[in-house]
Student: 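My questions all concern the structure below.
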Number of protein chains: 2
Amino acid sequence: MRGSQTGRPIMALLDLLGRRWALRVIWELREGPLSFRQLQAGCEAISSSVLNDRLAELRAAGIVEAAPEGYRLTPEGEELLALYPGLDAWAQRWAERDRRG
Amino acid sequence: MRGSQTGRPIMALLDLLGRRWALRVIWELREGPLSFRQLQAGCEAISSSVLNDRLAELRAAGIVEAAPEGYRLTPEGEELLALYPGLDAWAQRWAERDRRG
DNA sequence: CCGAAGCGCTACGGTTTCCGAAGCACATGA
DNA sequence: TCATGTGCTTCGGAAACCGTAGCGCTTCGG
């Protein structure tokens with residue numbers, strides 16, 4: 001995997017999550033399973049080929065898994081999702097800041 | 001900014017952080033200011049042109065700022081960094097899992 | 001049984017992004 | 001003056017991504 005040469009696991013993780021749509025796909029799955037096409041619609045303009053690539057990578061990493069209903073987060077994926085409220089709160093403050101100049 | 005059309009700030013943030021090296025640059029600045037070339041060396045193979053692009057984006061977002069010693073995280077950047085221990089811990093467990101099969 | 005519709009996924013050409021190497025303008029120190 | 005180090009830029013080629021189309025399959029209504 002890209003970026004894993006250093007032997008430091010977080011480098012590989014930052015690499016995996018630092019690809020287009022990877023963070024977003026996890027976020028879209030926050031409220032339960034979604035089908036491939038629902039996921040594609042949720043991510044506005046993502047190309048189906050790229051979505052397929054990201055899903056394959058996230059599944060290989062054990063973050064996402066296939067389900068009868070489509071795709072869902074694994075327990076490990078849920079652990080990652082637990083970090084998102086912090087991101088969300090930060091983004092809210094960020095928007096406030098910009099609005100006020 | 002890309003991905004901000006939805007009006008949901010987190011989308012713009014996920015978009016910003018989901019670019020190559022963006023997450024990594026923040027991580028590299030965790031222990032204090034680094035010069036441009038130190039940052040480049042820390043990120044192994046990053047191209048100087050891309051590093052310059054990421055720094056410009058992160059500065060525009062108020063996450064990173066220029067300092068006499070080079071570049072450092074802003075207070076807002078430090079808030080984002082506060083989420084990294086969770087990522088690091090996850091990555092550690094991830095590596096453990098892989099090692100055991 | 002047959003067509004329509006929906007599914008996950010793939011193929012492919014064009015565009016954007018990134019890499020790698022070289023080098024510029026400037027500052028510092030010998 | 002000359003070497004060295006800095007932040008940063010340029011540019012050609014490679015890789016990633018987008019947009020569209022469509023395949024093979026299943027489901028459902030007629």
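Sequence lines set the chain letters: A, B, ... in the order given, protein chains first and strands last, and positions in each chain run from 1.
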Student: So, the side chain of A:R20 versus the backbone of B:G18: is there a donor-acceptor pair under 3.5 Å, distance only?
Tutor: no
Student: What's the CG-C1' distance between B:D53 and D:dT10, to the nearest Å?
Tutor: 12 Å
Student: If I take atom CZ in residue B:R20 and atom C1' in nucleotide C:dC19, what distance separates them, rounded to the nearest angstrom?
Tutor: 9 Å
Student: Please pick, from D:dC8, C:dC19, C:dA11, the nucleotide with the shortest atom-to-atom distance to any side-chain atom of A:S48.
Tutor: C:dA11
Student: Expressed as a whole number of angstroms, how long is the span from A:L34:CG to C:dG6:P?
Tutor: 18 Å
Student: State plainly whether the residues B:E65 and B:R72 are in salt-bridge range, i.e. N to O under 4.0 Å.
Tutor: yes
Student: With a cut-off of less than 4.0 Å, is there a side-chain N or O of A:W21 near OP1 or OP2 of D:dA16?
Tutor: no
Student: Taking only side-chain N and O atoms of B:N52, does any of them lie within less than 4.0 angstrom of OP1 or OP2 on D:dT9?
Tutor: yes
Student: Strictly below 4.0 Å: does A:R54 bring a side-chain N or O up to OP1 or OP2 of D:dC17?
Tutor: yes
Student: From D:dC8, D:dC17, C:dC19, pick the nucleotide closest to the side chain of B:S47?
Tutor: C:dC19
Student: Return the value, rounded to whole Å, for the distance between atom CZ of B:R19 and atom C1' of C:dC18.
Tutor: 13 Å
Student: Is a donor on one side and an acceptor on the other found under 3.5 Å between the side chain of B:Y84 and the backbone of B:I26?
Tutor: no
Student: Please tabulate, for the side chains in residues 28-35 of chain A, all donor-acceptor contacts under 3.5 angstrom to protein atoms that are two or more places apart in sequence or on a different chain.
Tutor:
residue : atom : partner : partner atom : Å
A:E28   : OE2  : A:R24   : NE           : 2.8
A:R30   : NH1  : A:W27   : O            : 2.8
A:S35   : OG   : A:Q38   : N            : 3.1
A:S35   : OG   : A:Q38   : OE1          : 3.4

Student: Send over the distance from B:L39 CG to D:dG7 P, rounded to a whole Å.
Tutor: 9 Å
Student: Let me know the distance between CZ of A:F36 and C1' of D:dG24, rounded to the nearest Å.
Tutor: 15 Å
Student: Does a nitrogen or oxygen in the side chain of B:S49 sit under 4.0 Å from OP1 or OP2 of D:dT10?
Tutor: no
Student: Using only heavy-atom distances, decide whether a donor-acceptor pair under 3.5 angstrom links the side-chain of B:R37 to the base of D:dG7.
Tutor: yes
Student: Just the rounded figure in Å: distance from C1' of D:dC17 to CD of A:E44.
Tutor: 16 Å
Student: So does A:S47 get a backbone contact from the side chain of A:W21, meaning a donor-acceptor N/O pair under 3.5 Å?
Tutor: no
Student: Can you tell me the Watson-Crick or wobble partner of D:dG19, both distances under 3.5 angstrom?
Tutor: C:dC12
Student: Measure from CD1 on A:I46 to P on D:dA16 and round the result to the nearest Å.
Tutor: 15 Å
Student: Output yes when at least one side-chain N/O atom of B:S35 is less than 4.0 Å from OP1 or OP2 of D:dG7, else no.
Tutor: yes
